[in-house]
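We name chains A, B, ... by the order of the sequence lines, and we start the count at 1 in each one. Heavy-atom basis, side chains included; hydrogens, waters and symmetry copies ignored.
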Number of protein chains: 2
Amino acid sequence: MSDEAPWLDEAEMTTWLALIGVVMRLPGALEVQLRRDADLNHFEYCVLVGLEHAEGGTMRMSDLAFLCNGSLSRLSHVARRLESEGLIERFACPDDGRSTLARLTDDGRERLAQAAPGHVLLVRSLVFDELDDTEMRQMGEFAKRVLARIQA
Amino acid sequence: MSDEAPWLDEAEMTTWLALIGVVMRLPGALEVQLRRDADLNHFEYCVLVGLEHAEGGTMRMSDLAFLCNGSLSRLSHVARRLESEGLIERFACPDDGRSTLARLTDDGRERLAQAAPGHVLLVRSLVFDELDDTEMRQMGEFAKRVLARIQA
DNA sequence: CCTGAATCGTTGAACCTTCAACGAACCTAG
DNA sequence: CTAGGTTCGTTGAAGGTTCAACGATTCAGG
């Protein structure tokens, strides 16, 4: 871990409170819009976006779960819901009998199109409108470095 | 909202993916330690910490919910659990008959003491060890500005 | 006062996530 | 070949959060 002083000093505490505030409140803020525009929660939206960016709209469940920052179990439950709504479909991977592939359907793309414009507008209004280009890149770099530690 | 271009450019997307990665994975990373050391989830921990920093270890439910970045309903359910474990107690507010005050008990303080050292160490190892002092303050400032937008 | 609106907190049901257990497929060493 | 370990995904149960509805209290205006 670390060999530094045990508690956070004032500047660290200020930073931590702001960071944890964003972490706790951002998902809820995003979900209001997603629920209203496309009846999706944020994780479901991530799943659809992940598939949309994939080759052939298709991705392995494990890879998709990692990309969406969720557990495989979580994805499995969500995939069942999305499949029952006809937004994705699942089928066995021809190369590896253990794997399952998920593919975005046309209905899924359509649902995504309902959600995406409002989502991007909201993300802009909450984050990118507040930061100039330099700040935005710095923020991204910091987040990337912290994320690397969390994933390890 | 915003009148800018509808989609995120590459730099914005990189930033967004890193940010959302932290947002989605940080709570889980913190909860492993809290569960192990003190059998608490992150929101319960925030509640106890919030009370510890308050005058007399006492705070109004509404204020506590805001401080902990959660809904009042969520806090109410959690408070019932914490009270049944003897970590907090609730009583009517003498000044306003609608309000309920929550107070940290000695057992609550003890439980917090089990969790806190490991928590701080983990927070350091995930976030503050990665950033120098200038970067840490910048990150805090960015987060504070974004948080202000989310809260509005 | 008195009435309507707003605030505060709780509750139960619906929903979602986590966790542990499991079966199936693959891989590797002997 | 095959036995043991690993990876992959699913499942059901347990636990936590959200949502809408509610009762109680306070506040503002007439």
Side-chain angles (χ1 to χ4, degrees), chain A residues 23-36 39-47 50-51 58-85 88-103, chain B residues 23-36 39-48 50-51 58-85 87-103:
Chain A
V23 164
M24 299 278 83
R25 298 183 114 112
L26 190 50
L30 298 178
E31 270 173 35
V32 171
Q33 178 270 327
L34 292 172
R35 183 65 65 191
R36 173 169 47 72
D39 196 31
L40 294 170
N41 66 32
H42 185 246
F43 188 73
E44 290 167 338
Y45 178 78
C46 287
V47 168
L51 289 177
T58 301
M59 201 178 299
R60 223 166 53 109
M61 291 288 282
S62 286
D63 299 335
L64 188 53
F66 182 83
L67 183 70
C68 296
N69 302 294
S71 68
L72 186 50
S73 170
R74 183 181 187 179
L75 176 60
S76 184
H77 286 294
V78 167
R80 183 174 38 68
R81 295 202 297 270
L82 294 177
E83 192 170 34
S84 77
E85 290 190 72
I88 69 169
E89 52 194 9
R90 284 180 289 183
F91 54 98
C93 175
D95 301 338
D96 185 335
R98 294 168 299 181
S99 300
T100 301
L101 300 178
R103 176 165 47 215
Chain B
V23 164
M24 298 278 82
R25 298 183 116 112
L26 189 51
L30 297 178
E31 270 175 35
V32 171
Q33 178 269 326
L34 292 172
R35 183 66 64 194
R36 174 169 45 71
D39 196 30
L40 294 170
N41 66 31
H42 184 246
F43 188 73
E44 291 167 337
Y45 178 77
C46 287
V47 169
L48 298 184
L51 289 177
T58 302
M59 201 179 299
R60 223 167 52 108
M61 291 287 283
S62 286
D63 299 335
L64 188 53
F66 183 83
L67 182 70
C68 295
N69 302 295
S71 68
L72 186 50
S73 170
R74 182 180 188 179
L75 176 60
S76 184
H77 285 296
V78 167
R80 182 174 39 67
R81 295 201 297 270
L82 294 177
E83 192 170 35
S84 77
E85 289 190 73
L87 305 184
I88 69 169
E89 52 195 7
R90 282 180 292 181
F91 54 98
C93 175
D95 300 336
D96 185 336
R98 294 169 299 183
S99 300
T100 302
L101 299 178
R103 176 165 45 214

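- Closest to the B/R60 side chain, of the nucleotides C/dG9, C/dA25, C/dT10, is C/dG9.
- The two residues A/R60 and A/S99 come nearest to each other via the heavy atoms NH1-OG, 3.1 Å.
- At whole-Å resolution of the value, CG in A/D95 and P in D/dG9 are 13 Å apart.
- Residues B/R81 and B/N41 form a side-chain contact, since some pair of their non-hydrogen atoms from C-beta on lies under 4.5 Å apart.
- Rounded to an integer number of Å, the gap from CG of B/L64 to P of C/dT10 is 11 Å.
- Considering only heavy atoms from C-beta on, B/D63 stays 4.5 Å or farther from B/L67 through its side chain.
- Distance, B/N69 CG to D/dT18 P: 12 Å, rounded to whole Å.
- Note: CZ (B/R35) to P (D/dA14) measures 16 Å, nearest angstrom.
- Following rounding to the nearest Å, B/L40 (CG) and D/dG16 (P) show an atom-to-atom distance of 11 Å.
- Taking 4.0 angstrom as the limit, B/R74 places none of its side-chain polar atoms (N or O) nearer than this to OP1 or OP2 of D/dG16.
- Across the protein-nucleic acid pair, A/I88 atom CD1 and D/dG9 atom P stand 12 Å apart, rounded to whole Å.
- Across B/M59 and B/G50, no two heavy atoms sit closer than the pair CE-O, 3.3 Å.
- The nearest heavy atom of DNA chain D to B/G70 and to A/R80 marks one nucleotide each, and the one closer to the 5' end goes with A/R80.
- Both A/G97 and A/S71 lie near DNA chain C, and the one whose nearest nucleotide falls closer to the 5' end is A/S71.
- Among the protein residues, B/S76 comes within range of the nucleic acid bases, having at least one heavy atom under 4.0 Å from a base atom.
- In this structure, the nucleotide among C/dT17, D/dT7, D/dT17 sitting nearest to the side chain of A/R98 is D/dT7.
- Among the protein residues, A/S73 comes within range of the nucleic acid bases, having at least one heavy atom under 4.0 Å from a base atom.
- At a cut-off of 3.5 angstrom, counting only N and O atoms as typed in the model, there is no donor on one side facing an acceptor on the other between the side-chain of B/H77 and the base of D/dG15.
- Distance from the side chain of B/L72 is smallest for C/dC8 among the nucleotides C/dC26, C/dC8, D/dT17.
- Here the side chain of A/E44 is nearest to one of D/dT17, C/dC16, C/dT10, namely C/dC16.
- Nearest nucleotide to the side chain of B/T100, out of D/dG16, D/dG9, C/dG9: C/dG9.
- Rounded to an integer number of Å, the gap from A/F43 CZ to D/dT18 C1' is 18 Å.
- Residues B/F43 and B/L75 approach most closely at CE2-CA, 4.0 Å, considering heavy atoms.
- Regarding contacts with the backbone of C/dG9, every side-chain N or O of B/R90 stays at 4.0 angstrom or more from both OP1 and OP2.
- Nucleotide D/dT7 holds its C1' atom 14 Å from the CE atom of A/M61, rounded to whole Å.
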